[in-house]
Amino acid sequence: MRLITCGLPYANGKAHIGHLRTYIPADVYVRYLRLMGEKVLFICGSDCHGTPIVVNAEKEGIEPRKLVDRYHEHFKKVFAAVGVEFDFFGRTDSDYHHEMTTNFVKRLIDNGYVYSKEIELAYCPNCKRFLPDRYVEGICPYCGAIARGDECDQGCGRYLEPGEIKEPRCKICGTKAEFRKQKHYFFKLTAFKDFLLDYLEKLKGTENALNYAKQWVRQELKDWCITRNLEWGVKFPGEDLVVYVWVDAPIGYISYTREACKEKGCDWEQIWIKGVRKEGEIRWANITHFIGLDIVYHHCIFWPAMLKAADFALPSAVVASGMVKVEGKTFSKSRGYVVWVEDDYLKAGFDPDYLRYYIVNYTSHQKDLNFSWKVFMDKVNNELIANLGNFIYRVLHFAWKNFGGDVWDLVNSDEVLDDQVVEAIEKARDEIVKALEEWEFKVASDAFMELASFGNNYFQSREPWELIKKDRGECAKVMANCLHLVKALVILSYPVLPFSMSKVADFIGLKDFSFDDVSKFEKVRVVKKPKLPFKKVEEEKIEEMERIMLERIRKAEEKEKASKSEYVTIDEFKKLDIRVGRIVKAEKIKKSRKLIRLEVDIGGEVRQIVAGIAETYEPEELVGKLVVVLTNMKPAKLMGVESQGMLLAADVDGKAVLLMPEREVPPGSKVR
RNA sequence: GCCGAGGUAGCCUAGCUGGUUGGGGCGCCUGACUCAUAAUCAGGAGGUCGGGGGUUCGAAUCCCCCCCUCGGCACCA
């Protein structure tokens, strides 16, 4: 039994075209393997833990599980709708997964690969808890931008070590966080450097994944903190901590396999523990991981090290899909360059097979894929329909109309197939088999498109529409060849186009087919009135989709503008010259209710400042006090008196309460 | 900055252990045909193979420099 997995979708948002770039090729691959007679288990499931889910659930005021329920069901629905058929689709917040993870972690501990260490972590005194990952917000010590979690994602992009972030604040309540020591657990990743170097040399898969991983391992590995301060997650044995989500998520592959095996009656330990063969230090399992480029590190480094440490067998291949672009621009949910599978694609009524074909056929699996509605329409109408669909339909329709679907009465069944037809079919099949070995799904799909093209050529050059008038027998012979081609095309393209080809298979009474049937001689008949296998994509519909996308991009731009003006960059903040000053003189401005005229020493210079604080303060009590002054405020006249600065004060029900330094400082001290 | 992957006609690409006129598909132009979802078939136009230098009898293919795009640079799910 061979295991194929897909990276677990994070149950924190809806499915978009970026997800499908991994799942659809994986599904295509599995369907091909099955047609070739391999026994395959295809599993996946939701990744349900981690801080983003907890943070978002908190924002919505619901339990994390509720949030997870929502997206878990969403993904299940979307996968079914686009024909990605997993044997099992689990979730990591299930009991079976928790049990598996706990046992796995215990094995890591028992084998001596886990140790504890005290580290300093941000702690919110208000919420009375440690702030893991995305719970902290602060200032990047390198560039001064606002940093989120342990990453300066708005500014320099650097990763921040625990304790490095300046002015940490709790993301939930906004309280200033403090650093407190706490014991955490680390996985001895460094112990696996040589092992990983060896493993990565032998691991199969796409180069984009393997090269990255090798480069990382050659540089420097660090031990890996595998615990977090959260309620939501798998409990770390004996502590009030949960295991880091990236520890428990891949273990999902194992727990889902076990559940799938319960249903299918196979042996999960055979797959994950015994493996298929041993080669030096490595015990290989027959497992292929399909993932996105963003999680190569976890699958090629953490994961094999964990498996090795826990005494499991190791995956044999990691296949990483390239990035997705939308209308030529880098994929971005926040900027509107996104195609939501359900809302944009499925609800608009497009055939899922079209998207499958586009994703598989646009370019090599490893390269960037650009999704454009215009290109989508062109590919579907000009390639899928004009070539493949047209050939199938013209053959079925012709045979049905002129022969009632059965051409065999007029054909001597032996020697009826043309050599060139047989050759073309075998060539296409061989190319597909070879392409799949290299995970080149475009090459595979090009092969059956080329066969369809051959079919059109064959049909055109034999002119059955002329033959039918002169020689029905000859015409039947040509059609026998064409029907043979249709059967081959149905089988060879079925993995990419399962919905449409199932329908076509039905027209010719083809059931339970496999690659062996591709070149096998059978008397193919049209058993029911054929219908068009594909419906054309309408130009108006595409224009509508483009409008929707443009509108979304426009809205995103507006939103970004708005949010930008809400934030102040450090440079903008630096423009403000804020200093501590000592009030040397204070008097009420006559005829005013609120204004007090002050003379403030801001370090060698005395400024006249008018402040609206008379409702809260008497002039007498102000003299001698230290206050905070914005000194480069544009001067303005109030009640005829010029104010050359502004006192900073808290607004309490419309009344000013002055900010004062917490201890004696020299006037002129800069505030920052 | 460092590392990786790329830059081949409007678009997607093959070729890259150097060797006859750089292949194919989509689009475009012309013609043919009508069984077919104006589908199909034949023919054609279109490329200084990112730029520069070098090695060689000969380079898209090897070496050097530069430019551009995308991604990664780790405890972020």
Side-chain angles (χ1 to χ4, degrees), chain A residues 7-13 47-54 92 132-134 148-153 157-162 184 186-187 189 206-208 210-216 218-228 244-249 293-298 301-302 322-323 325 328 330 361-364 366-370 372 374-375 378-379 381-383 385-387 389-402 442-443 446 449-450 453 455-468 475 479 482 530-537:
Chain A
L8 308 185
Y10 197 53
N12 188 34
D47 176 8
C48 310
H49 298 134
T51 55
I53 282 173
V54 184
T92 58
D133 306 327
R134 301 254 171 119
R148 163 181 86 159
D150 300 335
E151 174 192 8
C152 178
D153 62 343
R158 248 179 271 247
Y159 283 88
L160 309 176
E161 292 293 312
H184 272 270
F186 286 75
F187 173 63
L189 186 62
T206 49
E207 279 185 34
N208 55 354
L210 304 181
N211 287 348
Y212 285 147
K214 282 177 197 165
Q215 166 202 339
W216 277 318
R218 267 187 234 115
Q219 286 172 8
E220 203 199 341
L221 292 176
K222 282 184 189 168
D223 286 344
W224 187 34
C225 182
I226 56 167
T227 45
R228 289 294 187 276
Y244 182 43
V245 62
W246 264 114
V247 173
D248 92 73
L293 217 40
D294 52 335
I295 51 176
V296 166
Y297 193 86
H298 309 85
I301 296 176
F302 291 152
M323 313 297 276
K325 291 181 165 201
T330 302
N361 190 264
Y362 183 83
T363 192
S364 156
Q366 292 192 53
K367 294 200 176 175
D368 288 359
L369 177 144
N370 180 31
S372 146
K374 176 74 174 58
V375 178
D378 285 348
K379 279 188 86 69
N381 288 351
N382 301 331
E383 299 175 28
I385 294 178
N387 183 11
N390 183 241
F391 175 68
I392 290 172
Y393 186 66
R394 76 199 290 202
V395 170
L396 299 188
H397 183 264
F398 193 96
W400 180 259
K401 206 171 105 186
N402 295 294
K442 176 177 170 56
V443 176
D446 278 345
M449 290 304 283
E450 203 188 316
S453 190
N456 274 315
N457 208 314
Y458 185 85
F459 194 102
Q460 188 80 14
S461 62
R462 303 300 146 119
E463 302 185 319
W465 62 91
E466 290 295 331
L467 281 177
I468 192 80
C475 182
M479 292 316 293
C482 288
K531 291 189 196 130
L532 292 171
F534 303 111
K535 211 169 67 214
K536 270 212 163 189
V537 172

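We name chains A, B, ... by the order of the sequence lines, and we start the count at 1 in each one. Note that these values count all heavy atoms, side chains included, but never hydrogens, waters or copies made by symmetry.
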In whole Å, measure the gap between the P atoms of B:rG44 and B:rG22 for me. 16 Å
With a 3.5 Å limit on both atom pairs, tell me what B:rC2 is paired to, counting Watson-Crick and G-U wobble, or say none. B:rG72
Same-atom distance (C1') from B:rG27 to B:rC68, integer angstrom: 26 Å
Checking A:Asp378 now: which residues fulfil side-chain hydrogen bond (donor to acceptor under 3.5 Å, both in side chains) with it, not counting sequence neighbours? A:Lys374
Rounded to whole Å, the CG-P distance (A:Asp368 to B:rC70) equals 9 Å
Rounded P spacing from B:rC62 to B:rG43 in Å: 34 Å
From B:rC70, B:rC75, B:rG4, pick the nucleotide closest to the side chain of A:Lys325? B:rC70
Taking only the C1' atom of each, what is the distance from B:rG58 to B:rG18 in whole angstrom? 8 Å
Given the C1' atoms of B:rU20 and B:rG15, what is the spacing between them in whole Å? 15 Å
Which one is paired to B:rG58, where only Watson-Crick or G-U wobble pairs with both distances under 3.5 angstrom count? none
Quick one: what's the B/S/- string for nucleotides 30-43 of chain B, heavy-atom cutoff under 4.0 Å, read 5' to 3'? ---SSBBB-SBSS-
Any luck finding a side-chain donor-acceptor pair between A:Ser372 and A:Asn370 under 3.5 Å? no
Using atom P of each nucleotide, how far apart are B:rU30 and B:rG72 to the nearest Å? 47 Å
Scan every strand shown for a Watson-Crick or G-U wobble partner of B:rU40, both distances under 3.5 Å, and answer none if you come up empty. B:rA32
B:rA14 pairs with which nucleotide, Watson-Crick or G-U wobble, both distances below 3.5 Å? none
